[in-house]
Amino acid sequence: MRSVQIKEIANKLQVSTRAIRWYEQKGLIKPHKEEGNGYRYFTESEAWRLQTIISLREIGMPIPEIQKVLAEIDAGDDQDVLYYLELQRSAMFSQWIELQSMIKTLDGMIGMAKEKKELVWEDIHQLVDSAKGFRELRKNWSDRWGFDRQAAQYDEAVLREPEFNPHQNYNEALDLTCQLVDAQTGERGLDIGTGTGNLAGRFLAKGIEVAGIDQSREMLRQCMAKHPQMETKLGNFLAIPYLDEQFDFVITSYALHHLTDEQKLLALEEMQRVLKPGGRICIADLMFESNEKREAVRERFLAAGRADVWAAIEDEYYADRSLLLAWFAENGYRAEAKQVNDYLHILYAQREPESNNA
DNA sequence: TTTCTAACA
DNA sequence: TGTTAGAA
């Protein structure tokens, strides 16, 4: 096998020799070293490996991630490589949204400066602080629920439907969601937290195009198995991996309750961002009509001796329906709410086309 | 001339 | 990662 020295390969691949040595130091490659002088010699296959590293670097993937990708390639699992590419895509989108929010903050600062003719640092610090808080919220998102492990049994668990099961009326809720959105041929929707694609599947069956995102690659695997024609991407509520105004409608089922109330509002903004003017949002999720109703339901659970189930509910963040409706009202939506059962509601909102996308 | 390591930017 | 120094 013909092998070349570092300068030649560096020239061919358009990288510095330093970079190549650096990748070696990080354990990404291990070229053969000549006994006497310690010169590195690179073979064809190492050239290909380096090319891969460089490509991944170009899309901004950090070295440790590249390391994992290379391991997957070595193991011959292309599917897992795809996962890392999608993960990277989702990371880039997060950064893009970060930048957007920083620009927004900066605009605020500029606006203040213009208005008052001089910089009022207290105001600016306050503005930056709140922006920082929001950024923390986004960062704190993670797959806390072990969906990767649950994915295989998720459908089964959902369909068992005993009494006092939060998944009671699951299928009715999804059917109703599909009905409310009333998607027309040619429209395109996004299902957030699509899981195994149960909700999206109802639209697909009607010939409506729906893309799905989920933060669990295992869930997406199950989804792809059930709906091979469906477009799926890794992503989450707080950083939807799509550009602005891409969808006629955004749907989500049994997912929003994983977010805190503050995060829910950020999620609504994200949904709005990818929604076309006049688009629709439909949320089917576990929530309560109000805090009073929540109390009433709690008492019923306790009276029935199901404190265990209630404890599980308290582990999540079932919404106060009125908070979500208030957000819709403030942002120019005509919204309606349907109650399926005590803690399962469906919110359907259509945005007035003239509402400006701020 | 080329490459190497190591330290510093 | 770029740069640079000193050595093989």
Side-chain angles (χ1 to χ4, degrees), chain A residues 1-107 109-110 119 121 124-125 128-129 131-143 215 217 233-236 238-243:
Chain A
M1 214 183 298
R2 196 181 79 95
S3 51
V4 300
Q5 290 182 212
I6 195 166
K7 190 177 181 186
E8 185 175 341
I9 196 175
N11 265 325
K12 202 180 313 186
L13 300 181
Q14 292 291 298
V15 282
S16 63
T17 57
R18 178 70 175 94
I20 294 177
R21 294 196 187 96
W22 174 251
Y23 298 145
E24 178 187 347
Q25 194 180 335
K26 288 294 158 190
L28 269 46
I29 50 172
K30 30 176 128 288
H32 169 72
K33 284 196 186 180
E34 192 66 26
E35 288 291 327
N37 55 18
Y39 283 17
R40 296 170 177 77
Y41 285 92
F42 298 84
T43 63
E44 282 295 317
S45 65
E46 274 157 339
W48 189 86
R49 194 180 174 84
L50 260 176
Q51 184 63 266
T52 308
I53 294 170
I54 294 160
S55 304
L56 294 174
R57 273 277 52 205
E58 259 165 25
I59 59 168
M61 191 179 286
I63 301 281
E65 292 294 298
I66 295 178
Q67 182 129 232
K68 291 179 196 163
V69 174
L70 290 173
E72 303 291 0
I73 292 175
D74 291 341
D77 200 335
D78 284 358
Q79 209 53 39
D80 280 340
V81 173
L82 182 63
Y83 164 71
Y84 281 105
L85 292 182
E86 288 184 346
L87 196 64
Q88 181 59 17
R89 186 198 153 84
S90 138
M92 287 169 79
F93 252 91
S94 297
Q95 289 175 13
W96 181 65
I97 285 165
E98 291 279 285
L99 280 174
Q100 234 180 220
S101 124
M102 285 165 76
I103 290 171
K104 212 167 155 186
T105 307
L106 187 56
D107 282 344
M109 289 166 64
I110 291 170
L119 289 175
W121 287 104
I124 290 174
H125 288 326
V128 171
D129 273 353
K132 206 185 286 173
F134 276 133
R135 222 170 308 147
E136 286 304 310
L137 285 181
R138 293 186 196 279
K139 214 185 296 171
N140 286 339
W141 168 278
S142 61
D143 184 358
Q215 91 292 15
R217 65 174 153 163
K233 281 190 204 298
L234 215 51
N236 67 53
L238 305 180
I240 299 174
Y242 283 96
L243 298 173

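Every chain is numbered from 1, with letters handed out A, B, ... down the list of sequences. Only this structure's heavy atoms are used, side chains among them; waters, hydrogens and symmetry mates stay out. On a predicted model such as this, the values are computed, not experimentally measured, just so you know.
- Counting to the nearest Å, the P atom of dT3(B) and the CD atom of E35(A) are 19 Å from each other.
- Distance CG (L50(A)) to C1' (dT1(C)): 15 Å, rounded to an integer number of Å.
- Side-chain nitrogen and oxygen atoms of S16(A) include none within less than 4.0 Å of the OP1 or OP2 phosphate oxygen of dT1(C).
- Every salt bridge (charged side-chain N to carboxylate O under 4.0 Å, His left out) that K68(A) has, sequence neighbours left out, goes to E65(A).
- Residues L85(A) and L56(A) have side chains in contact (heavy-atom distance under 4.5 Å, counting atoms from C-beta outward).
- Proximity of Y242(A) to K233(A): side-chain heavy atoms (C-beta onward) are separated by under 4.5 Å at one or more points.
- For dT2(B), neither phosphate oxygen OP1 nor OP2 lies less than 4.0 angstrom from any side-chain nitrogen or oxygen of Q5(A).
- Of the charged side-chain nitrogens involved, none lies within less than 4.0 Å of a carboxylate oxygen, so that R40(A) and E46(A) do not count as a salt-bridged pair.
- The residue I63(A) sits close only to the backbone: its heavy atoms come under 4.0 Å of sugar-phosphate atoms, none of a base.
- We find that CH2 of W22(A) is positioned 19 Å from C1' of dT3(B), with the value rounded to whole Å.
- In this structure, Y41(A) does not reach the dT3(B) phosphate: none of its side-chain N or O atoms is under 4.0 Å from OP1 or OP2.
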Can you check nucleotides 4-8 of chain B for protein contacts, nitrogen or oxygen pairs under 3.5 Å, and list what you find?
residue: dC4(B); atom: OP1; partner: R40(A); partner atom: N; Å: 2.9
residue: dC4(B); atom: OP1; partner: R40(A); partner atom: NH1; Å: 2.7
residue: dC4(B); atom: OP2; partner: R21(A); partner atom: NE; Å: 2.9
residue: dC4(B); atom: OP2; partner: R21(A); partner atom: NH2; Å: 2.5
residue: dC4(B); atom: OP2; partner: R40(A); partner atom: NH1; Å: 3.4
residue: dC4(B); atom: O5'; partner: R40(A); partner atom: NH1; Å: 3.2
residue: dT5(B); atom: OP1; partner: K33(A); partner atom: NZ; Å: 2.9
residue: dT5(B); atom: OP2; partner: R40(A); partner atom: NH1; Å: 3.2
residue: dT5(B); atom: OP2; partner: R40(A); partner atom: NH2; Å: 2.7

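- When the nearest nucleotides of DNA chain C are assigned to R57(A) and G36(A) by heavy-atom distance, the more 5′-ward of the two goes with R57(A).
- The separation between Y23(A) atom OH and dT1(C) atom C1' is 8 Å, rounded to whole Å.
- Partners of Y23(A) according to the ring-ring contact (aromatic ring centres under 6.0 Å, His included) rule, which considers only residues two or more places apart in sequence or in another chain, do not exist here.
- Of the listed residues (L13(A), I54(A), I29(A)), just one forms a side-chain contact (heavy atoms from CB on, under 4.5 Å) with I20(A), and that residue is I29(A).
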